[in-house]
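Just so you know, residue 1 is the first one in the sequence shown, and it goes up from there. In listed order, ligands and their atoms are each counted from 1.
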Amino acid sequence: MSAFVVDSKAEGFSVAMHLDEKIGLFTSDTAMLELNRCKVPRENLVGQVGKGLYVAYSALLNGRIGIGSGCVGIIEDCLNSVVERAKTRTQHGKLIGKHQLVQRHIANIAMNFEAARWPTYRAAAEKKRLDATPDDLAVRNKVDLQSAIAKRVASRLAYESADLAVQVFGGFGYSLLSPVARHLCDSRVARIYEGTDEIMELKIASLVLGNGFEAYS
Ligand SMILES: Cc1cc2nc3c(=O)[nH]c(=O)nc-3n(C[C@H](O)[C@H](O)[C@H](O)COP(=O)(O)OP(=O)(O)OC[C@H]3O[C@@H](n4cnc5c(N)ncnc54)[C@H](O)[C@@H]3O)c2cc1C
């Protein structure tokens, strides 16, 4: 298997289906692509012949750390948004931030922020180590594990935090005019693409258990 850059104007390339009705990520175009006897010139080869899977795996390692980082950003913005809302929104003569149950939501988002960012930093640090020693299999496995953990943890916590933030915003939180509603829609897909929650869990377990325990194909 080899990796190539394919020109979208190449013969045999088509967009099989446009995913127009997504529930989030409105600024990003998503489509299913079809390659039917598509010819690509030799110079479009990425990496070495027969090493395409290596290119794909490398992209996934970076991608998972990127998604983890994006999710940390979502949690941080949820936190900033609810703090601002809690300090400015008054109901029945009292700031909503003075209610203990609203404070619990804020405390949970603050904890999620810490819980999501440290595994993400750790994965990024391990990846930096791998970039310096690309042939070290032990380091590669470590990055594989840490990036799966970072993505799995941060994406779940981002979705949970966005849900809590919507709660703090009340009815306005249910409108796409509020930033937190957009975070709720956008963060959900982070649990699906670049490896679903389930695949991340199987990957983490197999890397912890060692060779021979891969429960996914
Ligand atoms: C907005 C968006 C953008 C995307 N961008 C890209 C992109 O840029 N490039 C790209 O290549 N793909 C992209 N994808 C595709 C995405 O990576 C896949 O949707 C994702 O990997 C899940 O595959 P699937 O949709 O075929 O689900 P399925 O494989 O049908 O999975 C359905 C369910 O079954 C579970 N499941 C499947 N197999 C197993 C197993 N072996 N063990 C346990 N559980 C399993 C899954 O975890 C999931 O819960 C994008 C998807 C979306 C929604």
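Checking only distances, Tyr193 never comes within under 3.5 Å of ligand 1, N or O to N or O. Not one N or O of Lys22 is nearer than 3.5 Å to an N or O of ligand 1, by distance alone.
For ligand 1, the atoms sitting less than 4.0 Å from at least one non-hydrogen atom of Leu202 are 42 (N), 43 (C), numbered in the order shown with element in parentheses.
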For this session: Dump the intermediate steps for salt bridge (charged side-chain N to carboxylate O under 4.0 Å, His left out) on Lys87 and Glu84, then the final yes or no.
Result: CA-CA 5 Å; Lys87 287 180 170 176; Glu84 210 235 323; over 6 Å; no

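Within 6.0 Å of OH on Tyr174 lie no more than 12 heavy atoms contributed by other residues, nucleotides or ligands. Within a 6.0 Å sphere centred on CD of Gln167, heavy atoms belonging to other residues, nucleotides or ligands number 12 at most.
Counting side-chain heavy-atom gaps under 4.5 Å among Ile, Leu, Val, Met, Phe, Trp and Tyr, the cluster of Leu209 also holds Phe213.
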